[in-house]
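To find a chain, count down the sequence lines: A is the first, B the second, and so on, and within it residues start at 1. Just so it is clear, the structure is predicted and the values come from calculations on it, not from any experiment.
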Amino acid sequence: MPPDSFRDRILTLVRQIPYGRVATYGQLAALAGAPRRARQVGHILRHAEDPMLPWHRVINHRGRISLPHGAGYEVQKQLLLQEHIEFDADDCIDLDRFGWRPAFD
DNA sequence: GTACTGACGACAC
DNA sequence: CGTGTCGCCAGTA
């Protein structure tokens, strides 16, 4: 059967997010040509099995981690802290500073 | 097949 | 800031 091009594009995009930067679900969906499918991006990442995939660099549009506490939240935060990405007092990441801007890489 | 859920987001209050 | 509604669609039951 043919590969799922949308899923394939998302995974490719996630792999392109540079170290120390984060992208949002909606941003990835838009870059993949499907701006309304942010939710599917989450599904794709949840079912992704590639351990090398930098899934932790994907957060929601508010600059916060979408995973529930105790179900990956802490893990993702630690992975991001290891990349020197900062969180404010509300566990929020400043997208103006750490958001991925493809044009600049 | 139907119904509900969810790692989302835009928009309206 | 919050809360609710709607659109989206792959999984799951």
_Rounded distance in Å - CG (Asn60(A)) to P (dA10(B))_ = 11 Å
*chain A on DNA chain C: first and last contacting nucleotide, 5' to 3', under 4.0 Å to a heavy atom?*
dG2(C) to dT12(C)
*Would you confirm whether Arg101(A), through its side chain, and Asp96(A), through its main-chain N or O, come within 3.5 Å as a donor-acceptor pair?*
yes
*Is any side-chain heavy atom of Val41(A) closer than 4.5 Å to a side-chain heavy atom of Val14(A)?*
no
*Gln40(A) side chain to Arg7(A) backbone, donor-acceptor under 3.5 Å*: no
*Rounding to a whole Å, what distance do you find between Arg39(A):CZ and dA10(B):C1'?*
13 Å
*Determine whether Arg64(A) and Ile59(A) make a side-chain contact, defined as any pair of heavy atoms from C-beta on separated by less than 4.5 Å.*
no
*Between dA7(B) atom P and His43(A) atom NE2, what is the distance in whole Å?*
7 Å
*Contact check, side chains of Phe98(A) and Glu83(A), non-hydrogen atoms, under 4.5 Å*: no
_Considering every strand and a 4.0 Å limit on heavy-atom distances, what is the contact class for Arg46(A): base, sugar-phosphate, or nothing?_
base
_Exercise: identify the closest heavy-atom pair between Arg9(A) and Ala32(A)_ = NH1-O, 2.7 Å
*Near DNA chain C, which residues from residues 81-105 of chain A have a heavy atom under 4.0 Å away?*
none
*Under 3.5 Å, is there a donor-acceptor pair between the side chain of Arg21(A) and the main chain of Pro102(A)?*
no
*Atom NE2 in His56(A), atom NZ in Lys77(A): separation rounded to 0.5 Å?*
15.0 Å
*What residues in residues 61-80 of chain A put a non-hydrogen atom under 4.0 Å from any atom of DNA chain B?*
His61(A), Ser66(A), Leu67(A)
*asked:* Can you confirm whether Phe104(A) is buried at CZ, in the sense that more than 12 heavy atoms of other residues, nucleotides or ligands lie under 6.0 Å from that atom?
replied: no
*What is the distance from atom CG of Leu80(A) to atom CD1 of Ile93(A), rounded to the nearest 0.5 Å?*
5.0 Å
